[in-house]
Amino acid sequence: MANDNKILNAYDLAKEAYKDFGVDTDKAIEELRSTRISLHCWQVDDIKGFEEGQAESQNVVTGNYPGAARNAEEVKQDLAYVLSLTPSGKKINLHSVYAEPKKPTSREKLDVTAFEKWIDWAKENNAGIDYNGSFFAHKMMDGTLSLTSPKKEVRDFWIEHLKTSREIAYNIGKKLNDVCVLNTWIPDGLKDNPADRSYYRELLIDSLDKGFEKNYDRKHLVDALEGKLFGIGTECFVCGSYDFYLAYALKHNLGICLDSGHYHPTEQISDKFSALKYFFNDILLHISRGVRWDSDHVVIDDDTLSSIMTEAKRADVLGKLHIGLDYFDASINRVYASAIGMRAAARAMLRAILEPTDMIKAAERKGDFSERLALSEEAKALPFNAVWDMACLKAGVPVGKDWLTSVRDYTAKYISKR
Ligand code: RNT
Ligand code: ZN
């Protein structure tokens, strides 16, 4: 077990070292505590949710490790456990298929009463809630098309789903006296080259115009649109590409969602913050890890994550972004997978907060790019881990590898019995 005295002593030394670079570690820990990371609910059950008789999903989840959460109680239990390992501020991110209506209700007819249990759960766990309509795994999908299907009855169904999802998200926000971010992602696209791309995009504009007609108080509902480059089965054409949604969202005063797996392999979402922040009130992040493609591997503390958090700090948007995770790996213990990503995101965030950014920026302003680079490198050698341990200790979450003992117990007690 971690020894509290050792942590306190190491922290005192680290505090001095950071002070030398003009950084206040106590404040940094507070900032981490108040900056929320939204844990996606779908890693613990492979995006199955609780709906009866689902059709084949448009999300590609690979692996068959045992112990997936099988019902609402198990999903809630796993998420609460993962949040208890996380020293940052917390939200969870729900999909419509995780609704718990009192009597079986078709997805497009749901209302906030189907989320009462989630709202109570969120209050108990001191977490906010974000929300998503689920435009997949349903008999009303027209192959890979929903809002852009040539069939009017298909489009109408999904427009209704978009409308009721917004209403639900708004009411969740209201009931929690918080903001609920509603992300809209649809898988719509085609495997091979369309003859008429404009046709599908015009249908999408029409569907979105109808779905987003109603205005809501932004205090409780923020809408975001998530584009992507390609999907499995939609390699040649995705209706809601990044450019499309960027333009649509800007024109209609909606937010934009940047998923780190949804761009060309060397294109970084971190570079976009300083470009978009002047024009968008709301930027939602889906932090994911694409390996060779949009594979949604478990988020780890790598260069991409580091550049996301560091640039958020440097562009002064860390507190303004809506930060969420989005990945699903069914080949390992799913609770480990959720916790690894949450802790990695929190750790990278704290490291970014602790960066001596003012000093590095001052070197740049002087035109001294050599010093800028040298300082950025020195910053990497500061005793970060001592501050991270202290942040965990203060937040009452396991320090260092202590969480492994805890997750092993949790696995033995619950997961291995599923
Ligand atoms: C899919 C998008 C989307 C989903 C979730 C389940 O490519 O990233 O965000 O992963 O809605
Ligand atoms: Zn995403």
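Every number for a ligand or one of its atoms is a count from 1 in the order of the listing.
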- Task: Provide the number and element of each atom of ligand 1 under 4.0 Å from a heavy atom of Phe328.
- Result: 10 (O)

- Subset of ligand 1 atoms that lie under 4.0 Å from at least one heavy atom of Lys228: 1 (C), 7 (O)

- Atom name in Asp259, limited to N/O/S, at shortest distance from the Zn ion (ligand 2): OD2

- For His262, is at least one N or O under 3.5 Å away from an N or O on ligand 1? yes

- Near His95, which atoms of ligand 1 are under 4.0 Å from a heavy atom of that residue? 5 (C), 6 (C), 11 (O)

- Task: Could you point out which residue of Asp329, Asp46, Asp78 forms a salt bridge (charged side-chain N to carboxylate O under 4.0 Å, His left out) with Arg334?
- Result: Asp46

- Query: Can you tell me if Ser288 and His286 form a side-chain donor-acceptor pair at under 3.5 Å?
  - Reply: no

- Query: Salt bridge check: are Glu124 and Lys76 linked by an N-O gap of less than 4.0 Å?
  - Reply: no

- Ion pair check, Glu267 and Lys272, cut-off under 4.0 Å: yes

- Query: So which N/O/S atom does His286 have closest to the Zn ion (ligand 2)?
  - Reply: ND1

- Would you give the angle at the Zn ion (ligand 2) between Asp326 atom OD2 and Glu226 atom OE2, to the nearest 10°? 170°

- Would you mind running through ligand 1 and noting each atom that sits below 4.0 Å from a heavy atom of His286? 9 (O)

- Hey, what do you get for OG1 (Thr144) to CG (Asp188), rounding to the nearest 0.5 Å? 6.5 Å

- Message: Test your reading of the structure: does Asp326 have an N or O sitting under 3.5 Å from an N or O of ligand 1?
- Response: yes

- Flag the pair His262 / Tyr245 as yes when their ring centroid distance falls below 6.0 Å, and as no otherwise. no

- Task: Would you tell me which option among Gln43, His40, Glu226 has the nearest heavy-atom contact to atom 3 (C) of ligand 1?
- Result: Glu226

- Query: Are the charged groups of Lys228 and Asp259 less than 4.0 angstrom apart, N to O?
  - Reply: no

